[in-house]
Amino acid sequence: MPSTVIRSIAYRPETAELDVLFTTGRRYVYRDVPAEAAAAFRAARIKGPYFNRHIRGHYRYEERLDGD
């Protein structure tokens, strides 16, 4: 998953949470994300623009600190 902005993506279908870790070290959990949206994000060839267009601003989120 090479990206200059996003280090990793994890999806938890049982809670519909999308966990996004950015290369800055900041981590956000997006809530109520449909499995199809998470799969499309993971499949996107260029993650940053896809995230900005389809994830950011579309789902509730919270920042997670290390250990959360």
Side-chain angles (χ1 to χ4, degrees):
M1 188 198 103
S3 173
T4 59
V5 177
I6 297 168
R7 184 177 298 160
S8 68
I9 300 167
Y11 183 69
R12 291 183 284 286
E14 64 279 358
T15 58
E17 293 179 334
L18 179 66
D19 192 318
V20 182
L21 177 62
F22 291 86
T23 56
T24 61
R26 296 184 85 162
R27 182 175 153 219
Y28 294 87
V29 176
Y30 292 83
R31 306 215 181 270
D32 302 318
V33 177
E36 299 79 19
F41 180 32
R42 185 176 297 257
R45 194 171 69 80
I46 303 172
K47 304 287 191 260
Y50 188 91
F51 171 82
N52 288 330
R53 204 170 301 127
H54 299 283
I55 305 296
R56 177 179 281 158
H58 294 271
Y59 302 100
R60 293 180 306 120
Y61 69 92
E62 68 181 49
E63 185 171 5
R64 289 273 175 96
L65 304 175
D66 286 339
D68 285 351

Run the numbers on I6 and F41 for side chain to side chain contact (heavy atoms under 4.5 Å, CB included), then give the verdict. CA-CA 11 Å; I6 297 168; F41 180 32; 3.6 Å; yes
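- With sequence neighbours left out, Y59 forms a side chain to side chain contact (heavy atoms under 4.5 Å, CB included) with Y30, V33, P34, A37, I55.
- Applying the salt bridge (Lys or Arg N to Asp or Glu O under 4.0 Å) test to every pair with at least one member in residues 9-22, sequence neighbours left out, gives these pairs: R12-E17, R12-D19, E17-R31, D19-R27.
- With sequence neighbours excluded, no residue forms a ring pair (Phe, Tyr, Trp, His ring centres under 6.0 Å) with H58.
- Minimum interatomic distance between A16 and Y11 (heavy atoms only, all atoms of both residues): CA-OH, 3.5 Å.
- In this structure the side chain of F51 never reaches within 4.5 angstrom of the side chain of V5, judged on heavy atoms.
- There is a path of hydrophobic side-chain contacts, each under 4.5 Å, that joins Y61 to L18.
- In plain terms, the two heavy atoms of N52 and R56 that are nearest each other are OD1-NH1, 2.7 Å.
- At distances below 3.5 Å, not a single donor-acceptor pair connects side-chain atoms of Y50 with backbone N or O atoms of R45.
- Of all non-hydrogen atoms in I9 and R42, the two that sit nearest each other are O-NH2, 3.2 Å.
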